[in-house]
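Here's the structure we're looking at; comments come further down.
Quick note: numbers below take in every heavy atom, side chains included, and nothing from hydrogens, waters or symmetry partners. Residue numbering restarts at 1 for every chain, and letters A, B, ... go by the order of the sequence lines.
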Amino acid sequence: MPETERNAPALRADTASPPFASPPDGPPLPGALRASMLLRCLAIQGSWNYEILVGNGVGFCVEPALRQLPGGLDGQPYKAALARQSVYFNAHPYLAALAVGALARAEVEQVAPVRIERFRTALCGPLGSVGDRLVWAAWLPACSLVAILLFGFGWSPLGVVLGFLFLYNVGHLGLRDWGLRNGWKHGLRVATALGHPVLQHGPRYIGRVSAVLGGLALPLAVHRAIGGQPPLSPIPMGVAVATPLLAVLLVRLQGRAEGWRVVLLVLAALVLYSVVR
Amino acid sequence: MTELFAALVPLVPVALLAGVVGLDVVSFPQAMISRPIVGATLGGAFLGAPEAGLVCGTALECLALESLPVGASRYPEWGSASVVAGAVAAVGATNSSFPDVGAFAVAVLVGIVTAWIGGWTMVQHRQLIARFARPRLDQLAAGSRNTVVGLQVFGMTLDLVRGVLLGGLMYCLARPVATLVNAFWTVDEDLSRAVIVASVAAVAAAAVWKDFHAISGTRRLFVVSLAVGTLLVVAGA
């Protein structure tokens, strides 16, 4: 069973019952606070380590909101809330913004600490698995393939780089901002936001588009990278035969040999042969 | 002395760029300037050969498609590595030219090796942060703002330094090798380029297949679009 599904009941149980819930629609996140928290979310993994993972980063991102607590920076509620938010936490860095928004609102509304802690624990699994599937396994490879396709179409270095960065970051920054706003909006009911169709079905659709992009991009990019020789001459024909054969071999070797290690060996042999002979 | 200075002139921007791009991999801001196609193009552009950097970056991007940067797993650090590779690919190249084949081969090799070492340095970096945080856990439990912010700043600064050192060191080692290999390269240039490109493209094709084959219909879509892409190449010739 996917991790998302395993964690979903726990998350629902922790957030849906009335004593745990924030009001359905909270006030909108003030602009300055939103900008400050969003900027900090870009550095959420700044102190990532094997003991508390992204925990300190969550505390760092939530901190501007905690200043609204009674007593401000020197108040006991501020210190207690910051301590609660700076312990172990694990999530995908982009979707962690959803947790940051929800936890910030819960702290500002001074929800009982034990409920915040349970909610925080329940969020880890879903935010990790949904984010990994959507961003690392779907959106990033899709944008990479677009960049390779642009290279294959003969775009300039500036065009390829800007095209890739623009496309990727529309999704990246959009997801972080959406997460922060929806986390704040839904508070402890944030599980409803995780049911968003893009999070649930996005990877499947992006995967299909990526398959098309990959198929189109590779022949065009290979043709340009080998110097744009006539496609029916011996070397391009050889590449057209050798590439799929090697790809099939790599798929069959899955788990036993990573592709970059194979390329390392091939290129080392080529360099040695060419220089030493 | 003048020669030493001349050698250091490209080293400084390459090392600094490797630091900034290495920082992007995990710590800040993960905007993917650390993807090889960006990092290597910038590395090449810094030394006056953006086209060579782009070609090298595309080759490394094909390899990077295979390794997903998931969570706590150890994966190659392509950010600093691609800057070094792009800078090495610029050896002997001009503004709008493709990389020389010897430099191209060395650049891709150096990119892979640096990415592998970079992955190891990331593990060390994470362990160092944990070691730095351990004596401060009481302050964290007391809700100390300075400790929370200090840990973030420490982690990011250390990551920047890691990238600068890795990039600078690898560039220093690789640049003379690329110059030497360029000078002594004997295999036919077109054939050599074909071997490099075919091997990285095969990794990309296998990665696309492995990443998406579980989604219904994608295998057929991939094969059909591969045929269409090949036809486009033939028709465009």
Val195(B), part contacting chain A, at a heavy-atom distance under 4.5 Å: side chain

Could you please spell out the steps behind the salt bridge (charged side-chain N to carboxylate O under 4.0 Å, His left out) verdict for Glu51(B) and Arg224(A)? CA-CA 12 Å; Glu51(B) 192 79 23; Arg224(A) 183 178 174 189; 2.5 Å; yes

Residues two or more places apart in sequence or in another chain: which of them pass salt bridge (Lys or Arg N to Asp or Glu O under 4.0 Å) with Arg35(B)? Glu61(B)

Which residues in residues 72-81 of chain A have a heavy atom less than 4.5 Å from any heavy atom of chain B? Leu73(A), Tyr78(A), Lys79(A)

Can you see whether Gln127(B) engages Asn49(A) through a side-chain donor-acceptor pair at a distance of less than 3.5 angstrom? no

Is Lys210(B) salt-bridged to Glu258(A), cutoff N-O under 4.0 Å? no

Heavy-atom distance under 4.5 Å between the side chains of Ile148(A) and Cys62(B), does that happen here? yes

Have Gln152(B) and Ser47(A) got a donor and an acceptor in their side chains that come within less than 3.5 Å? yes

Turns out that what part of Val208(B) lies under 4.5 Å from chain A's heavy atoms comes down to side chain

What residue pairs, at least two apart or across chains, pass side chain to side chain donor-acceptor pair (under 3.5 Å) with a residue in residues 213-232 of chain B? Arg208(A)-Ser216(B)

Any side-chain heavy atom of Val275(A) sitting closer than 4.5 Å to one from Thr186(B)? no

Enumerate by number any residue of residues 162-169 of chain A whose heavy atoms lie under 4.5 Å from heavy atoms of chain B; in the absence of such residues, state 'none'. Phe164(A), Leu165(A), Tyr168(A), Asn169(A)

Is there a side-chain contact between Val271(A) and Trp185(B) (heavy atoms, below 4.5 Å)? yes

